[in-house]
Amino acid sequence: MNRSHARRPPPFASAPWRSPRDQLSFRIRRRGEIVLLTVRGQADAFTLALWRQQVRAAADTVAGPRGALVVDATRLDFLSVRSLAALSDEAQEYRRAGIEIVLVTADPSIVRIARADTRTALLPVRSTVVSALTAVHLRDRTPEVRSLSTTPGHRAPSR
């Protein structure tokens, strides 16, 4: 019998005093009206409350009605569907206030799940932080297009 194996604790016997902050860490940086939230670790059921709290706190620091929160999840070891859905819920809520939330992930399976699930289909997902920042900047610079026939004071050109 291998005695060294018998002395090891089972894999599920983790320390009972662990907290969600032991599994998930956050870093917030600003780029003008854009807030970049970089996340490391595991976003799962155990860390879900912390995930929601930190996303809300970062979104609340976005300045201006044209601001955005970019959630960089490229360094996550795991992102659960529940955490993804929670981010999408927050994105819908903050979008009403004019704040866009964009998820950055290079994991094709997360992108596929986000597109396929009706709860997360409207969440903007980009593969790099640069592409997310570019999309936000382009959104801010794209003028609203109106039809001349619906603009007050203008008549549609006659043929």
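Numbers for residues simply follow the sequence, beginning at 1.
For the pair Ser88 (side chain) and Leu84 (backbone), a donor-acceptor distance under 3.5 Å is absent. Judged by distance alone, with hydrogens and angles left aside, the side-chain atoms of Thr105 form no donor-acceptor pair with the main-chain N or O of Ala73 at under 3.5 Å. Counting only distance, with no hydrogens or angles, the side chain of Asp72 and the backbone of Arg75 share no donor-acceptor pair below 3.5 Å.
For Ile28 against Ala58, the heavy-atom pair with the smallest separation is CD1-CB, 4.0 Å. When all heavy atoms of Ala59 and Ile101 are compared, the closest pair comes out as CB-CD1, 4.4 Å. Across every non-hydrogen atom of Val129 and Val104, the tightest pair is N-CG1, 3.6 Å. Shortest non-hydrogen contact noted between Pro124 and Arg115 is C-NH2, 4.5 Å. Across all non-hydrogen atoms, the minimal contact from Gln54 to Leu37 is O-CD2, 4.1 Å. What you find for Ala114 and Thr120 is that their closest heavy atoms are O-OG1, 2.9 Å.
The shortest distance between side-chain heavy atoms of Val70 and Ile34 falls below 4.5 Å. Side-chain contact check for Leu76 versus Gln42: every heavy-atom pair is 4.5 Å or farther apart. In this structure the side chain of Val81 reaches within 4.5 angstrom of the side chain of Asp117, judged on heavy atoms. Contact annotation: the side chain of Phe46 never approaches that of Leu24 to less than 4.5 Å [non-hydrogen atoms, C-beta and beyond]. Looking at Val55 and Arg52, their side chains never come closer than 4.5 Å, going by heavy atoms from C-beta outward. Side-chain contact between Leu79 and Val39: absent, with no pair of heavy atoms (C-beta onward) separated by less than 4.5 Å. Contact check for Glu100 versus Tyr94: no side-chain heavy atoms found under the 4.5 Å cut-off. Taking 4.5 Å as the limit, every side-chain heavy atom of Asp44 sits out of range of all side-chain heavy atoms of Trp51.
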Begin from the C-alpha positions of Ser83 and Ser80 and carry the test side chain to side chain donor-acceptor pair (under 3.5 Å) through to its verdict.
CA-CA 5 Å; Ser83 297; Ser80 71; 3.0 Å; yes
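Placement of Leu69 and Leu103 within a single hydrophobic cluster is found when ILVMFWY residues are connected by side-chain heavy-atom separations under 4.5 Å, directly or transitively. Residue Val71 is not grouped with residue Leu36 when hydrophobic side chains (ILVMFWY) are merged at heavy-atom distances under 4.5 angstrom, including chains of intermediate members. Tracing side-chain contacts under 4.5 Å through hydrophobic residues (I, L, V, M, F, W, Y), one never reaches Ile113 starting from Val102; they form parts of separate clusters.
For Arg30, the CZ atom sits in a packed shell: over 12 heavy atoms of surrounding residues, nucleotides or ligands are nearer than 6.0 Å. The neighbour count for Arg27 CZ, taken as heavy atoms of other residues, nucleotides or ligands under 6.0 Å away, does not exceed 12.
Summarising the geometry, atom CZ belonging to Arg82 is positioned 10.0 Å from atom OG1 belonging to Thr47; distances are rounded to the nearest 0.5 Å.
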